[in-house]
Amino acid sequence: MNELKIRIIDHIEDLPPLSADNFFHSPQLFRLAHQTPRQKPYMCLAESADGQVVAHMLAIVRYRASYFPPYFYMHCRVLGEGVYAAQPDAEVFGRMLNALCRKLSNRVLYIEVSNLGHKMFGYRQFRQERFFPVHWMSIHNSLHSHTPEERISERMQRRIDTAYKRGVVTNEVQTDADFRAFSRLLRHHHWLKPKRYIPHDQFFRGIMQTDAGRLYLTRYRGHIVGCSVVVYSGRNAYLWYAAYRRKSYVFVHPDVLTIWHAIKESHRQGYDHIFFLDVGLPFSKNSFREFILKFGGKPTSTYRWFRVSIRWINSLLSWIYRD
């Protein structure tokens, strides 16, 4: 373990050959983030004495603006524990996490690590780096054992069938006009949701130009009523972003049809599961969580870890969110 060398890469030309099986820690996402305004990727590498990469973890720093203080700030997000030559190793993860914290230091307002494979993975290492855990909810649908139709209620199936009969269709974004409509709806839907970070259009154009994911538009009689972004990693699909005009077109349920198409298309392509990112805090009443669960998914309680660079705020939040 002590023979491992930890280094952090922040330029594309310095990136060594790495596994691309996990999209969220892949060279492909590194390049996408590097080419996207207001994002900067950092690839943490754990290397053996002979220079072999035994683990790597991608962190992306995002530059953000806010209507409230601090008006401009940066935060760093890590999706998952990284990629390992063998099994995920909490000690190796801890050393990469330590290097990341030292690298970013006070450059970012906070670091966020989410979507870990196991709830308790790296618990001691997070605590050593002064991270605090927030209980979070994760939902995924299995696509390999039953069809999507077998997991929903008859009432939901009737709602979907009726909407399709009324003329609702969902297609992949392919033209510039489609993309502009996609971007307009996605940003309008989230402009009053300051927590939700929406990358620059160049990021989504990059996804369109690769096989890493798909952008979809839902239409009703020529009107754009929904959109979504689905990315693929290994045997799984991930619904990363979604937006819809639910209140304006309530009778055709654009929210239902947008999510349903993402599930159905992932099943058609042969993926084992579809995960819904950022379902939210596990409040007793969470409308978005209850909506997603209507598609037959499985809820799982997990942790999302945070570390605020302002020490007294981090200490206060650690006390508030103490186990």
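Reckoned from all heavy atoms, side chains included, excluding hydrogens, waters and symmetry mates.
- Within the 4.5 Å cutoff, the side chain of Tyr244 has no heavy atoms near those of the Leu257 side chain.
- Val108 and Met43 fall into different hydrophobic clusters, where Ile, Leu, Val, Met, Phe, Trp and Tyr are joined by side-chain heavy atoms under 4.5 Å apart, directly or via other members.
- Residues satisfying the side chain to side chain contact (heavy atoms under 4.5 Å, CB included) criterion with Tyr321, sequence neighbours excluded, are Phe132, Val134, Leu317.
- Evaluation of the side chain to side chain contact (heavy atoms under 4.5 Å, CB included) rule for Asn106 yields Ser309 as partners, not counting sequence neighbours.
- Evaluated for a side-chain contact (heavy atoms from CB on, under 4.5 Å) with Arg205, the options Leu32, Val173, Asp176, Leu215 yield exactly one hit, Asp176.
- With hydrophobic clusters built from ILVMFWY side chains whose heavy atoms lie under 4.5 angstrom apart, Met74 shares a cluster with Ile8.
- Relative orientation of the Phe295 and Trp260 rings is parallel, given thresholds of 30° and 60° on the angle between their planes.
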- Between Ser228 and Thr258, does a side-chain hydrogen bond (donor to acceptor under 3.5 Å, both in side chains) hold up when you go through it step by step? CA-CA 7 Å; Ser228 66; Thr258 298; over 6 Å; no
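- A side-chain donor-acceptor contact under 3.5 Å links His273 and Asn236.
- Put simply, the residue from Leu58, Leu18, Asp14 that forms a side-chain contact (heavy atoms from CB on, under 4.5 Å) with Ile9 is Asp14.
- Defined by atom type and a distance below 3.5 Å, a donor-acceptor pair is present between the side-chain atoms of Arg151 and Ser145.
- Here the straight-line distance linking atom CG of Asn141 with atom CG of Leu293 works out to 8.5 Å at 0.5 Å rounding.
- More than 12 heavy-atom neighbours from other residues, nucleotides or ligands sit within 6.0 angstrom of NE2 on His200.
- There is no path of hydrophobic side-chain contacts, each under 4.5 Å, that joins Phe23 to Leu143.
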If you apply the rule ring-ring contact (aromatic ring centres under 6.0 Å, His included), what do you find for Phe203 with Trp240, and how did you get there? CA-CA 13 Å; Phe203 180 81; Trp240 203 347; 5.8 Å; yes
Full working for ring-ring contact (aromatic ring centres under 6.0 Å, His included) between Tyr238 and Phe24: CA-CA 10 Å; Tyr238 295 80; Phe24 298 105; 5.0 Å; yes
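- Checked for salt-bridge contact, Asp89 and Arg95 miss the test: no charged N lies under 4.0 Å from a carboxylate O.
- In this structure, CE in Met156 is found 9.0 Å from NE2 in His253, a value given to the nearest 0.5 Å.
- The pair Asp10-Arg107 fails the salt-bridge criterion, with no side-chain N (NZ, NE, NH1 or NH2) lying under 4.0 Å from an Asp/Glu carboxylate O.
- Atom CZ of Arg268 is separated from atom OG1 of Thr147 by 15.5 Å, given to the nearest 0.5 angstrom.
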